[in-house]
There are 2 protein chains.
Amino acid sequence: MADGVVERSRPRDRILETARDMFHKHGIKGVGVDAITEAAGTNKMTLYRHFESKDELIVECLRANAAKAGAMWDVFEAEFPGDKLAQLHAWVRKAAAVLKADGRGCDMANAAAELTEPDHPARLVIKELKEAQRERLVTLCRDAGIGQAELLADTLSLLFEGARVSVQTVGTEGPSTQFVRMAEGLIVSFRGTAAG
Amino acid sequence: MADGVVERSRPRDRILETARDMFHKHGIKGVGVDAITEAAGTNKMTLYRHFESKDELIVECLRANAAKAGAMWDVFEAEFPGDKLAQLHAWVRKAAAVLKADGRGCDMANAAAELTEPDHPARLVIKELKEAQRERLVTLCRDAGIGQAELLADTLSLLFEGARVSVQTVGTEGPSTQFVRMAEGLIVSFRGTAAG
DNA sequence: TCTGGAAGTTACAGACCGGTAACACCCTAG
DNA sequence: CTAGGGTGTTACCGGTCTGTAACTTCCAGA
């Protein structure tokens with residue numbers, strides 16, 4: 001697990017990677033900074049030299065998550081250069097793979113569930129990052145020639161988000177098993193009414 | 001707020017109601033038993049005379065939530081006796097109303113995000129209650145004459161679940177605003193392919 | 001080889017957590 | 001009026017939490 005990260009890299013990077021992993025697995029309030037630093041092979045003072053508080057560490061973890069997830073768009077473009085519809089189908093497959101591989105939900109959604117203070121710094125970046133993700137999917141749908149691109153993108157987003165929650169509550173054998181069928185059906189349906 | 005509950009009822013009921021309210025607003029790990037009992041106008045000893053632990057209190061809160069939410073099915077039946085399709089549309093309207101009224105997500109989903117221990121007692125009841133909810137919606141879809149009742153019910157479930165998450169992350173002005181249009185479109189679409 | 005900054009170590013502060021013990025109180029059913 | 005159970009009060013236990021202070025060690029670059 002995180003031991004691979006511990007081996008040799010800068011303490012800041014190790015802390016960030018370990019915190020991402022532990023926050024994801026055990027929740028934010030379920031992990032203390034002591035546990036993070038110990039798993040990262042360092043100590044609390046070093047953490048507080050690089051992050052001014054646990055809250056700032058949380059924010060950095062969320063940003064790092066989004067950056068890592070955002071890389072998939074480049075992969076899609078590399079796999080299907082210029083073919084936006086194929087990239088949309090790739091998104092569906094990627095989403096389904098995430099559903100199968102990971103029983104914990106979306107880190108941003110989980111963080112929003114845990115951090116209820118309306119002015120918590122993480123809330124701002126969660127909103128910002130989620131809106132950016134939405135914009136990307138809308139653009140992909142539009143470039144794929146879908147008529148009501150926003151509506152399809154939002155529908156696919158909500159379906160995926162709901163499926164992630166479902167996996168976390170009833171497991172991988174629940175309604176989320178139908179995600180691909182739902183998504184593909186929607187794309188077909190929206191392609192039928194395309195205005196392009 | 002919870003003050004209305006404090007006035008006159010048994011301590012156990014006050015504790016349960018107050019805990020439900022506070023868990024919902026601030027999350028489970030964001031509320032201590034001291035805060036609950038104080039808001040309920042009682043004290044910690046009384047809480048532990050009625051609930052053997054905080055975990056058991058959590059479980060009872062989840063059950064109470066589900067019971068309260070489950071009452072809506074009777075309301076639908078009373079409003080549209082025998083007309084299952086009308087009741088399905090009523091479910092959509094009810095879901096949309098919840099999205100507008102409540103910025104916090106589903107308590108069960110939030111609890112699942114917070115309580116990561118695989119053998120936490122709440123996890124069992126969450127799964128149990130979620131599966132019961134799913135069964136109800138499937139039955140309603142089937143009785144409404146929908147061909148692929150399970151698939152429609154699951155799609156609507158995931159859409160609603162996703163919309164609740166979306167409200168919590170990007171707010172009520174995000175993709176969740178399209179929920180009714182999505183859901184109604186799906187019902188129309190599934191009615192078109194109805195089998196009997 | 002020397003030096004300066006990054007990192008490790010230990011100890012601690014102050015708050016909060018879930019949970020319990022011992023005891024005083026009050027109100028109602030008999 | 002009396003007995004007893006439900007309730008309130010206070011104090012406490014051991015543990016954990018975020019965050020800090022003071023000091024030592026290490027290592028790379030000049």
Side-chain angles (χ1 to χ4, degrees), chain A residues 2-3 5-20 22-23 25-62 110-111 113-117 119-123, chain B residues 2-3 5-23 25-62 110-111 114-117 119-123:
Chain A
D3 288 348
V5 169
V6 177
E7 38 180 65
R8 220 29 20 200
S9 58
R10 271 138 155 202
R12 188 181 194 279
D13 297 332
R14 284 180 294 167
I15 290 169
L16 201 57
E17 283 305 298
T18 309
R20 288 210 307 140
M22 296 183 75
F23 285 155
K25 285 181 185 160
H26 311 297
I28 290 173
K29 298 198 178 177
V31 178
V33 292
D34 277 312
I36 293 171
T37 54
E38 187 190 335
T42 177
N43 56 75
K44 199 157 49 172
M45 271 313 301
T46 299
L47 186 151
Y48 281 103
R49 284 188 192 111
H50 289 286
F51 305 93
E52 77 169 13
S53 67
K54 185 184 180 182
D55 283 346
E56 190 190 287
L57 174 61
I58 294 167
V59 167
E60 291 307 309
C61 284
L62 291 173
N110 289 347
E114 284 197 81
L115 309 174
T116 63
E117 307 97 320
D119 57 346
H120 192 289
R123 295 210 139 266
Chain B
D3 289 348
V5 168
V6 177
E7 39 178 66
R8 226 13 38 189
S9 59
R10 279 157 153 175
R12 187 181 195 280
D13 297 333
R14 284 180 293 165
I15 291 168
L16 202 57
E17 283 305 299
T18 309
R20 287 210 306 139
D21 182 64
M22 295 182 75
F23 285 155
K25 286 181 185 159
H26 311 296
I28 291 174
K29 298 199 179 177
V31 177
V33 293
D34 278 311
I36 294 171
T37 54
E38 187 190 333
T42 178
N43 55 75
K44 199 157 48 169
M45 272 313 301
T46 300
L47 185 150
Y48 280 103
R49 284 187 191 110
H50 290 287
F51 305 93
E52 75 170 13
S53 66
K54 185 185 180 183
D55 282 346
E56 191 190 285
L57 175 61
I58 293 166
V59 167
E60 292 306 309
C61 285
L62 292 173
N110 289 347
E114 284 197 80
L115 309 174
T116 62
E117 306 96 321
D119 58 344
H120 192 289
R123 295 210 141 264

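Since this is a predicted model, take the numbers as computed values, not measurements. In what follows, every chain begins at residue 1, and chains take the letters A, B, ... in the order their sequences are listed.
A/Arg123 pairs by the side chain to side chain donor-acceptor pair (under 3.5 Å) definition with nothing, not counting sequence neighbours. B/Thr42 is linked by a side-chain contact (heavy atoms from CB on, under 4.5 Å) to B/Ile15, B/Thr37, B/Ala40, B/Thr46, counting only residues two or more places apart in sequence or in another chain. A/Lys44 meets the salt bridge (Lys or Arg N to Asp or Glu O under 4.0 Å) test with A/Asp34; sequence neighbours excluded. A/Glu56 is linked by a side-chain contact (heavy atoms from CB on, under 4.5 Å) to A/Phe51, A/Glu52, A/Ser53, counting only residues two or more places apart in sequence or in another chain. Applying the side-chain contact (heavy atoms from CB on, under 4.5 Å) rule to A/Glu38 yields no partners; only residues at least two apart in sequence or on another chain are considered.
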B/S/- along nucleotides 18-25 of chain C (protein heavy atoms under 4.0 Å) is BBBBB---
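A salt bridge between A/Glu17 and A/Arg14 is absent, with no side-chain N of the basic residue lying under 4.0 Å from a carboxylate O of the acidic one.
In this structure, B/Asp13 places its CG atom 14 Å from C1' of D/dG6, rounding to the nearest Å. For the pair A/Arg10 CZ and C/dG5 P, the interatomic distance rounds to 16 Å; values are reported in whole Å. Atom CZ in B/Arg12 sits about 15 Å away from atom P in D/dG8, given to the nearest Å. The distance from atom NE2 of A/His26 to atom C1' of D/dT16 is 16 Å, rounded to the nearest whole Å. Put simply, CG on A/Asn43 is 13 Å from C1' on C/dA11, counting in whole angstrom units. Rounding to whole angstrom units, CD1 of residue B/Ile15 and C1' of D/dT7 are separated by 10 Å. Remark: C1' of C/dC16 and NZ of B/Lys29 are 15 Å apart, rounded to the nearest angstrom. We find that CG of A/Leu47 is positioned 14 Å from C1' of D/dC17, with the value rounded to whole Å.
For D/dT7, neither phosphate oxygen OP1 nor OP2 lies less than 4.0 angstrom from any side-chain nitrogen or oxygen of B/Thr46. Contact annotation: A/His50 side-chain N/O to C/dA6 OP1/OP2 distance is not under 4.0 Å.
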